[in-house]
Amino acid sequence: MDISVNWLRALAPSIDGSADDLAAALSARAVPVDRTVPVGEELGDVVVARVVEVGKHPNADRLSLCRVDSGMGDLLDVVCGAPNVVENALYPFIPAGGTLPGGFKIERRKIRGHESNGMLCSEKELGLGRDTAGIMRLADDHEPGQALVAALGLPDARLEVDLTPNRIDLACHAGVARELAPGGVADVVLPPFGGPDWSPRWESGEESASAGGVRVTIEEGDRCFRYLAAIVRGVTVGPSPEWLQARLRAAGARPINNVVDSTNYVLLELNQPLHAFDLARLAGPEIRVRAARNEPHTTLDGAEHELGREVSVIADAERPVALAGVMGGADSEVSDGTTDLLIECAAFDPRHTRHTARATGLATDASYRFERGIDEAGMEGAIRRAVELIVATAGGSPDDVALRVGRTPPLPTRVSLRPSRVKAVLGLDLSGEQIAELLKPLGFGVSEGTASGDDGALDVTVPGWRTDVRAEVDLLEEVARRYGYESFPHEARSLRPSTVPDSPVWQRADRARRALTSLGALEARSSSFAPEGQTSGRPARLLKPLSEAESFLRTDLVPILLGRVEHNWSRGHRDVRLYEIGSVFQSSVGAGESTAGEDVSVIEDIRVAFGITGLRQPPHWSGAEYDLDDWDLKGWLEDLGSGLGLGEIAPGRPDADGDDLPFGFGRWLGEESFCILRNGRPVGVAGRVRDDAVDAPVWAAPVYAAEFRLEAVQLEDHRSYRDLPTFPAVTRDLALVLDRSVPATSVADAIRSAGPDTLESLAPFDVYEGDKVGAGQRSLAWRLVFRAPDRTLRDSEVEEGMGSITHNLEERFNARIRSS
Amino acid sequence: MSLRDEQGDLRETLESIRIEALEAIQGAADSESLEEVRIRFLGRNGLLSRALSGLRDVPAEKRPQAGKKANQVKQTLETALERRVDELAALSKPAQTAGSDLTLPGRRQWRGGVHPVTLVIDEICEIFGELGFTRAAGPEVETDWHNFTALNIPLDHPAADMHDTFYLDDGLLLRTHTSPVQARVMMEHEPPVRILAPGMVFRRDPYDASHAPAFEQVEGLAVDEGIDFIEFRAAIDYFVHRFFGPSTRTRFRPSYFPFTEPSAEVDVSCIICEGSGCAACKRTGWIEIMGSGMVNPAVFEAVGYDSERYTGYAFGMGPARIAMLRYRIPDIRLLYEADVGLLEQFA
Ligand SMILES: [Zn+2]
């Protein structure tokens, strides 16, 4: 919302201070001001000039040669590029040697072979408005040579206000003036326009009324609460006077003609949207507010619409002539030949306005206000002001009788405000009188103790323009901001601890993050969305995705992480170790299985995933470099499995059948994969990523990936101290040759079961398959450590233990023991 | 028969030499003993040469096969020797192999790290943790009741425009803020409640330099008897001073959120120019960091709290934006690309 500072001062001369001061005050007390923009500064070199003659430039189609009277005596030759230059009209002009705002100097120069002695300017070039369509035509009542600043009542400044949805009352100059004037509402007086006053006699009706040969009917009272109409006859449509155009430009609006500018002016001054119809083009003439009946309509922006019942329209006797509360129609628009007007001032229902705007894809200044609610009590004043401005700028005379259809404006809202509540919520000890002093300047009526029995409660009457204030808490906010957020005292308060325990979800995430970070992986935060090809199971689709590539919720983290690995490859990174903790989603088969416990059809699981590829260690000048391989993956899994208490790492893939949250990304992995089992149930899957599952450059190393449930991370701490050994250990190596189908874990189990209690640990240290051990066989070498807690082991004891171990292995696996 | 036996004997001899030699090589603790091992097995009169002399007893037609085996063993041992030489050099005398040039870089491990946004979230949680706040979690797919209605946002109200929402199905959506977690916690726990709700939120904003359709948010909520605007401001000031530094100033401005009233936007003095005005703060000297306010009684009523007895405050901030400010990351998309070049900077 653009606010002109000159306009504010015209409404409330008590408003003092620079534009920046006003912006700071408004930000501190009400709504933010994004920035302040000077309007019409640095225009000292610009004068009013008359274009006496317009000719074609012989060497350029788009340019014209103008003879310009800038009040200096001689006519000047000026080359002009604007399409809208008209003979005998007045325009802002900078003679050669002058400068534009911002310091651009205008020189005398030749343009396509013809000399140009200055420049005719557009609004935008002068920093006056936002229109760039052509040069800025001035009203005819100025003299060439007059300083533009004096002609336009400048300089001004524009406040670009960032309205919050609740403060619709600040979408107009009177509203901002009330907020900024030291005396508030009392300081705001609408200045007269210099024309005759107009005080009509109202012809009223609940559903219908007529006067001056015009009938107004509200067919559907839920769509339109009130409809006021005034007739003005004999107007002359033309450009608005300069002051009016300047005001509109400073407030970011484009001047059109004196009638439309007048209604826009009242909109921007009082927040009341108005519309002027060409009375001669209304069939009947009559106005009917009704639902559309699947009929065509062209809005004044030229767009054609087919209107269904959800759309509310203003119709004449035959057809829609406007979209109610949104935009006028092309057929009934005010044009140069218009003489008689019907001025509409209505209160449309917010919801229906929203439906009309949505159905037609339009959002206008009018719909913005109607959607948020307008001040019904201010409508008579607004239409009166519009009629007076039209008569002052376009002539003509209004009918003495005006029409008023619909309900009487609702009584002002009354809200009770307890000073005890001010103390409880704001912490301020304010008396009723002090509170009244804060509220009254904003237009609130405040009297003590009449509304309720509560001690000292204030009875507050809400002004009609404050549609957002309905409850006590709304008044608390008024008190707080008028008191000044920055004026609150600084005091410390004691705290009571929360009854809510720290969520295990975040505690598990902390542990997983620490574990993966210590393995050397980097945390990624990637997309929650996925294309269909990267999903599995029953993915949940978004109703309105931003793109096809983001049309589903991810069902697995691994495919998304692999996409990130590919991204890193594309940046030339070969060594990539990423992990992510995040939610995955599946549509559920039925109700009752949701995380939320409601009848929800999407279930959600938080997962931890990693994707790793490249060198095992950073490259170093001293030695060989190895890429991560299957055993690194298994090592990571073992570290995580024991460090996070995930469970057992087992070869193979889980059976996905019957699982609500399957690890569907298994198809991205090759044959040799692992699953993480907890009590026999899979809580994670890992493996080497298939070469055809990623788009790898030739220099890339194999990729390994894993994903597991965050829920599998254990929070209980089962650690307890074991006594450190005091007696030496005895180490024995055991080399076996046995059938290669016997898994290492079975051998280890057999060693443990046959070994004595003093067998402290065992680990394989060499595995060999090949011609030396014969087909179908392999050699497995183990290192066994024996230790007794209470004595030094004798050799014979160890030999005995080794004997029963080897015997067991020979028996069970037909293993050959190779002497070492 | 006997010929085959001779060949078999040789084969076994070679194999035992291989095993014995490999162990001896691996067992050699320094270059002197390694040299002894080399002489013992591979020397001119070493065990391998002596075993090969047995080749003479092998018939001519079998000799190439036996010779091949012998060569394999020899190569294996030579390779193992070389590797052990390198290993011993690296183990015992790294400075010597580097020519005593100690300016050469050392041997490192890959460093892992958490995401910069996580760094910010964790720090926020830690600081509010000092004020008695715990962390809460909730689903990312929400009902519109939890996301809007319970938070005093009517679905058919212009305020809902502030949330351009991803819908999945009737009444199901991706949460547009983590505030629904607050509603869930209040429905389960009685005051005093002091919680933080970190997590992903979703808005239908296409990616650009400052927007992403999914991003992180941390919201906080405190509810108890006797919490007033003054305590609210004190808590936020405490956070700002701990997070941005003790000289950082705060500024509270009126704002609008349906679930708080009075509502306030919190600005901090620009951490880049310290208030003198720069591009990051749009020359204002201030940076908006959170929306906040006193909890609207309508929210308490929706979750079944006594709105006369309890008061509270709530706040929300974007850790991604704060990370961008703190670490001078110019484009939000960089945070979600998972480029190791960026992530390593925070490892
Ligand atoms: Zn700055």
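Each chain gets a letter, A, B and so on, in the order its sequence line appears, and its residues count up from 1.
Checking side-chain atoms of A/D474 against main-chain N and O of A/A471 turns up a donor-acceptor pair under 3.5 Å. With hydrogens and angles disregarded, no donor-acceptor distance shorter than 3.5 Å links the side chain of B/Q182 to the backbone of B/A197. Between the side chain of A/S498 and the backbone N or O of B/R194, at least one donor-acceptor pair lies under 3.5 Å.
Ranked by non-hydrogen atom pairs under 4.5 Å with chain A, the options B/E190, B/H189, B/R233 are led by B/R233. Ranked by heavy-atom pairs shorter than 4.5 Å toward chain B, the options A/E477, A/R421, A/E472, A/R525 are led by A/R525. The candidate with the highest count of non-hydrogen atom pairs below 4.5 Å against chain B, out of A/S526, A/A540, A/P501, A/S518, is A/P501. No other option in A/L553, A/T164, A/L546, A/V576 has as many heavy-atom pairs under 4.5 Å with chain B as A/L546. Between chain A and the options B/S16, B/P105, B/P116, B/P254, the largest number of non-hydrogen pairs under 4.5 Å is found for B/P254. In terms of heavy-atom pairs under 4.5 angstrom with chain A, the leader among B/L131, B/T284, B/T250, B/V185 is B/L131. Annotation: maximal heavy-atom pairing with chain B below 4.5 Å, among A/K772, A/R513, A/H490, occurs at A/K772. Of the listed residues (A/E491, A/E550, A/E486), the one with the most heavy-atom contacts under 4.5 Å to chain B is A/E486. Among B/A234, B/A137, B/G129, the residue with the largest count of heavy-atom pairs under 4.5 Å with chain A is B/A137. Options B/F202, B/F232, B/Y238, B/F346 differ in how many heavy-atom pairs under 4.5 Å they form with chain A, and the most are formed by B/F202. With chain A as partner, the option from B/P206, B/G226, B/P198 having the largest number of non-hydrogen pairs under 4.5 angstrom is B/P198. Chain B forms more heavy-atom pairs under 4.5 Å with one residue of A/E523, A/R616, A/K423 than with any other, namely A/E523.
Between A/R508 and A/I606, every side-chain heavy-atom pair lies at or beyond the 4.5 Å cut-off. Counting only heavy atoms from C-beta outward, the side chains of B/T134 and B/L196 never approach each other to under 4.5 Å. The shortest distance between side-chain heavy atoms of A/R372 and A/P350 does not fall below 4.5 Å.
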- With side chain to side chain contact (heavy atoms under 4.5 Å, CB included) as the test, would you mind laying out the steps for B/R309 and B/E225 before giving the verdict? CA-CA 6 Å; B/R309 180 172 168 198; B/E225 290 170 349; 2.5 Å; yes
- Taking it one step at a time, do B/L174 and A/F529 satisfy side chain to side chain contact (heavy atoms under 4.5 Å, CB included)? CA-CA 11 Å; B/L174 292 177; A/F529 308 111; 3.7 Å; yes
- Show your working on side chain to side chain contact (heavy atoms under 4.5 Å, CB included) between B/V141 and A/F585 and close with a plain yes or no. CA-CA 9 Å; B/V141 171; A/F585 307 84; 3.5 Å; yes
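Using a 4.5 Å cut-off between heavy atoms, A/D575 touches chain B through backbone and side chain atoms alike. The contact between B/D205 and chain A is made entirely by backbone atoms, counting heavy-atom distances below 4.5 Å. Using a 4.5 Å cut-off between heavy atoms, A/V425 touches chain B through backbone and side chain atoms alike. Of the atoms belonging to A/T499, heavy atoms from both backbone and side chain fall under 4.5 Å from chain B. If you measure heavy-atom distances from B/L22 to chain A, you find no contacts under 4.5 Å at all. If you measure heavy-atom distances from A/D162 to chain B, you find no contacts under 4.5 Å at all. Heavy-atom distances place both the backbone and the side chain of B/E308 under 4.5 Å from chain A. Interface remark: B/F133 contributes no atoms to any contact with chain A (heavy atom separation under 4.5 Å). A/P504 does not touch chain B: none of its heavy atoms, backbone or side chain, sits under 4.5 Å away. Contacts between B/R283 and chain A at a heavy-atom distance below 4.5 Å are absent for every atom of the residue. For B/F166, the part lying under 4.5 angstrom from a heavy atom of chain A is the side chain only. Heavy-atom distances place the side chain of B/T311, and not its backbone, under 4.5 Å from chain A. Of the atoms belonging to A/P32, heavy atoms from both backbone and side chain fall under 4.5 Å from chain B. For A/L519, no part sits under 4.5 Å from any heavy atom of chain B, backbone or side chain. Of the two parts of A/L561, neither the backbone nor the side chain holds a non-hydrogen atom closer than 4.5 Å to a non-hydrogen atom of chain B. For A/K544, the parts lying near chain B are the backbone and the side chain together; criterion is any non-hydrogen pair under 4.5 Å. For B/E344, the parts lying under 4.5 angstrom from a heavy atom of chain A are both the backbone and the side chain. A/N568 touches chain B through its side chain: at least one heavy atom from C-beta onward sits under 4.5 Å away, while N, CA, C and O do not. Of the atoms belonging to A/R514, not a single heavy atom falls under 4.5 Å from chain B. Contacts of B/L343 with chain A are made by both backbone and side-chain atoms, with heavy-atom separations under 4.5 Å. Neither the backbone nor the side chain of A/R167 comes within less than 4.5 Å of any heavy atom of chain B. Contacts of A/E478 with chain B are absent, with no heavy-atom separation under 4.5 Å from either backbone or side chain. Contact annotation for A/A480: only side-chain heavy atoms (C-beta onward) come within less than 4.5 Å of a heavy atom of chain B.
Ring centroids of A/F610 and A/Y579 are separated by 6.0 Å or more, keeping the two rings apart. For B/F300 and B/Y310, the distance between ring centers is not under 6.0 angstrom.
Because its NZ or CZ atom is both nearer than 6.0 Å to the ring centre of B/W110 and within 45° of the ring axis, A/R577 counts as a cation-pi partner of that residue.
For B/E140 and A/S583, the side-chain atoms include at least one donor-acceptor pair closer than 3.5 Å. Residues B/T260 and B/N296 have side chains that never bring a donor and an acceptor to within less than 3.5 angstrom of each other. If you check the side chains of B/E261 and B/Y256, you find no donor sitting under 3.5 Å from an acceptor.
The environment of A/R541 atom CZ is dense: over 12 non-hydrogen atoms of other residues, nucleotides or ligands sit within 6.0 angstrom.
Comment: B/R184 engages B/E142 in a salt bridge, judged by a side-chain N to carboxylate O separation of less than 4.0 angstrom. The pair B/R135-A/D510 meets the salt-bridge criterion, with a side-chain N (NZ, NE, NH1 or NH2) lying under 4.0 Å from an Asp/Glu carboxylate O.
Using a 30° and 60° split on the angle between ring planes, A/Y485 and B/F229 fall in the tilted class, from 30° to 60°.
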